[in-house]
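The chains referred to below are lettered A, B, ... by the order of the sequence lines, with proteins before strands, and numbering in each begins at 1. Note that the structure is predicted; figures quoted are calculated from it, not measured.
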There are 2 protein chains.
Amino acid sequence: MSPRRVTLADVAKTAGVSPTTASLVLSGRGRELRISQDVEQRVLKAAAELQYRPNIVSVGLRTGTTRTIGFISDTVATTRLAGDMIKGALEAARERGFMLFIGETEGDAELERLLLQAMHDRQVDGIILASMYTRTIKVPKAMAAAPAVLLNALPKQPSPLPSVVPDEIEAGRVAARALLDAGHREGIHLIGAGPARRNLPAGGSVAAVERLIGIREVLAEAGVKPAGGHVCPDWQPEYGLALTRALLEKERPQALICFNDRLALGAYQALDDFGLKVPGDVSVVSFDDHPIASWMRPQLTTVALPHYELGRKAVDVLFTEIGRDREDDGGQGEVHRVPMPIRVRESIASRSA
Amino acid sequence: MSPRRVTLADVAKTAGVSPTTASLVLSGRGRELRISQDVEQRVLKAAAELQYRPNIVSVGLRTGTTRTIGFISDTVATTRLAGDMIKGALEAARERGFMLFIGETEGDAELERLLLQAMHDRQVDGIILASMYTRTIKVPKAMAAAPAVLLNALPKQPSPLPSVVPDEIEAGRVAARALLDAGHREGIHLIGAGPARRNLPAGGSVAAVERLIGIREVLAEAGVKPAGGHVCPDWQPEYGLALTRALLEKERPQALICFNDRLALGAYQALDDFGLKVPGDVSVVSFDDHPIASWMRPQLTTVALPHYELGRKAVDVLFTEIGRDREDDGGQGEVHRVPMPIRVRESIASRSA
DNA sequence: CAGGTTTGCTAAATCGGATTAGCAGTGCGA
DNA sequence: TCGCACTGCTAATCCGATTTAGCAAACCTG
């Protein structure tokens with residue numbers, strides 16, 4: 001098939017030196033180890049001519065570092081939104097010459113264990129354990145075998161692992177502020193959770209809890225009380241439709257804070273059914289910045305999940321973990337929060353006070 | 001950090017035999033090489049007790065096989081649809097104990113070269129080169145270095161590489177048949193390409209060409225002539241909206257064949273603007289089975305891109321490539337076509353003849 | 001000019017397995 | 001009873017790098 005790979009021995013031979021010398025020069029340690037200029041040049045020239053590239057498998061065996069990191073998620077690769085997380089991680093890794101192994105667990109703990117094993121068998125330098133949606137997870141014991149980071153997830157039990165999550169509380173604040181800034185003070189309804197802290201969908205999504213906290217905090221500070229909150233079992237379009245429809249049958253809201261874009265899609269349909277215009281009659285703000293948000297008419301103003309940035313950040317944090325001295329047991333479960341930017345589009349109208 | 005990995009030497013020692021013997025037993029060659037039952041049992045027991053797992057990096061160095069395959073795409077991981085392709089590949093690979101490296105090129109040839117290098121440096125056993133949307137690509141020379149498969153892509157120049165693509169011609173036939181079966185014979189408009197073979201969007205998408213062929217073939221066989229075809233530069237919702245709107249200003253179609261779901265989304269909006277109901281007034285059939293297809297109201301009937309199956313198939317084909325004897329230069333650029341299933345939903349109404 | 005440094009490079013060991021060659025011990029036939 | 005085949009296991013080598021230990025030649029120095 002291909003003409004056998006060029007090895008260090010080949011380079012050494014054409015440069016007329018020992019493999020040791022060639023290795024020294026190519027690893028940049030020639031200087032400190034007193035290799036002559038002449039020899040250094042010969043080696044460099046030979047390597048360039050032969051297009052030598054070290055065999056990373058071999059290096060991995062000798063040094064234990066494979067310039068590879070494992071990315072395990074429940075089902076991240078499959079969804080557009082969370083796919084960006086992989087992309088961010090991919091690029092950040094590539095910038096440092098690292099490759100990514102990916103694996104999906106489907107939420108199956110046994111599969112997770114298997115993947116972790118498979119990656120350790122391949123001597124990955126570190127592992128990113130990601131969740132598709134922000135939540136708390138049980139950290140598998142096997143994670144202890146290498147530097148690791150939790151992405152879009154928090155440890156259920158106290159853990160020394162650092163985690164990277166979107167700043168959902170601040171996102172809640174931002175959404176609420178967007179409405180307040182537009183002059184809305186009354187008739188603000190929450191679709192998906194609320195109005196009280198305990199009114200949450202089942203499943204313990206971190207997003208629900210924290211978005212609600214942020215929203216309530218900002219509204220409270222402004223002396224505004226949400227006109228209503230509406231919980232549903234799952235944040236899908238059909239619930240957005242049903243909830244909003246039920247709401248419209250009783251009263252006429254001024255603004256909706258939908259807990260995600262899929263709910264907002266349903267809400268749009270309900271508003272349309274009742275002949276109400278967005279944002280003329282009702283303003284809508286939402287969360288996630290799902291691709292449909294910019295396809296909806298009018299385009300939806302939404303607080304974006306920064307998936308790409310989350311992925312990058314996870315790699316950054318992982319590298320500091322890898323760099324950390326193995327003895328040094330510092331960094332106890334630090335939580336890194338990535339800001340969620342608001343995408344201002346067309347679904348909020350300002351209302352004169 | 002972790003207690004050093006258990007090695008073959010450890011197993012050998014606790015079993016009281018040489019590493020050679022342990023290796024023989026564990027690789028299943030103990031039988032043919034006349035290792036006694038007793039020793040075999042001791043080794044097996046020791047391996048189990050110590051939870052021995054071979055270091056794949058080491059095996060890779062010695063045997064050249066790393067049980068790893070590389071998956072390079074232009075930007076596949078990021079889109080939901082094509083993300084399924086990765087998922088299919090991932091699962092098919094895992095079933096055989098293989099892991100996937102993934103990389104994205106962003107269409108950058110230099111980056112592609114770099115990724116290919118990085119993967120070869122890591123001794124991957126094979127490579128899948130994937131495209132987000134079906135098209136012809138220039139096969140990089142570096143692909144020759146290992147078994148490889150083209151996924152969702154065809155070689156621009158003749159190439160010995162096999163490829164795996166969706167069967168778009170048949171998809172075109174299926175879509176057209178769906179309309180014919182529902183009794184539509186007139187007023188069928190094509191949104192996105194046609195009516196003649198040469199009326200195609202720029203960019204040379206394989207989907208456009210082949211879907212059109214299939215559609216025209218089936219309509220022609222039934223003696224039906226499309227009432228019109230409408231080309232646009234890109235298959236985005238806004239063009240679907242504009243094209244359909246322009247069409248509706250002139251006439252009242254009976255059915256639309258949209259060349260993808262995003263166009264269909266725009267068409268829905270235009271129809272709604274004109275007060276026309278789907279499917280009562282106008283039937284719509286489309287392609288891709290994008291997630292929005294089932295969110296639209298009424299839900300869109302569409303011929304699905306079988307991304308998951310494509311991914312699996314690519315891995316299957318890659319394994320036969322890997323299995324192929326290196327001397328044997330058989331299999332010259334075989335093209336594997338994966339069927340596209342129609343998702344019958346609510347957007348086609350039957351019309352009595 | 002003997003003894004100690006420096007300089008500049010290389011031999012050999014190592015990582016963790018797979019693989020090839022070979023070595024004791026036993027049994028059997030002549 | 002000697003030689004040969006067979007049985008059952010092990011020593012040694014290899015994969016392709018990195019790294020440690022060390023060696024010859026040149027250079028000082030008193």
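Using a 4.0 Å heavy-atom criterion, one finds that A:L61 contacts the bases of the nucleic acid, with or without backbone contacts as well. Among the heavy atoms of the strands lying under 4.0 Å from A:T63 are primed sugar atoms or P, OP1, OP2 only; no base atom is included. Nucleic acid contact class of B:V57 (heavy atoms, under 4.0 Å, all strands): none. Residue contacts shown for A:T20 include a base, since a base heavy atom lies under 4.0 Å away.
Protein atom CD1 of B:I56 is 13 Å distant from nucleotide atom C1' of C:dG16, rounded to whole Å. Distance CG (A:L24) to P (D:dA17): 15 Å, rounded to an integer number of Å. D:dT7 atom C1' lies 16 Å from atom CD of B:E40, rounded to whole Å. At whole-Å resolution of the value, CG in B:D38 and C1' in D:dG8 are 12 Å apart. Whole-Å rounding puts the A:K13 NZ to D:dA17 C1' distance at 16 Å.
The closest side-chain donor-acceptor pair between B:S23 and B:T20, if any, does not fall under 3.5 angstrom. In this model, a donor atom of one side chain and an acceptor atom of the other lie less than 3.5 Å apart for A:N152 and A:T134. If you check the side chains of A:D74 and A:T105, you find no donor sitting under 3.5 Å from an acceptor.
For B:R34 and A:R62, each mapped to the nucleotide of DNA chain C holding its nearest heavy atom, the one lying further toward the 5' end belongs to A:R62. For the pair B:S18 and A:A9, nearest-nucleotide mapping onto DNA chain D gives the more 5' position to B:S18. Where A:L26 and B:I35 meet DNA chain D, the nucleotide closest to each residue was compared, and B:I35 sits on the side nearer the 5' end.
Ring-plane geometry between A:F101 and B:F101 is classed as parallel, the angle between the planes falling under 30 degrees on a 0 to 90 degree scale with a further cut at 60.
The side chain of B:V59 has C:dA18 as its nearest neighbour among C:dT10, D:dA11, C:dA18. The listed nucleotides are D:dA17, C:dT10, C:dA18; the one nearest the side chain of B:L8 is C:dA18. Closest approach to the A:R29 side chain among C:dG16, D:dC9, D:dT20 is made by D:dT20 (side chain taken as heavy atoms from C-beta onward).
Between A:Y52 and the phosphate of D:dA17, there is a side-chain N or O to OP1/OP2 separation shorter than 4.0 Å. Taking 4.0 angstrom as the limit, A:T7 places a side-chain polar atom (N or O) nearer than this to OP1 or OP2 of D:dA17. Taking only side-chain nitrogens and oxygens, B:T21 never comes nearer than 4.0 Å to OP1 or OP2 of D:dC9. Within the structure, every side-chain polar atom (N or O) of B:S58 is placed at least 4.0 Å from both OP1 and OP2 of C:dG17. Regarding contacts with the backbone of D:dT18, a side-chain N or O of A:S23 is found under 4.0 angstrom from either OP1 or OP2.
Remark: side-chain polar atoms of A:R42 are paired, donor with acceptor, to backbone N or O of A:A15 under 3.5 angstrom.
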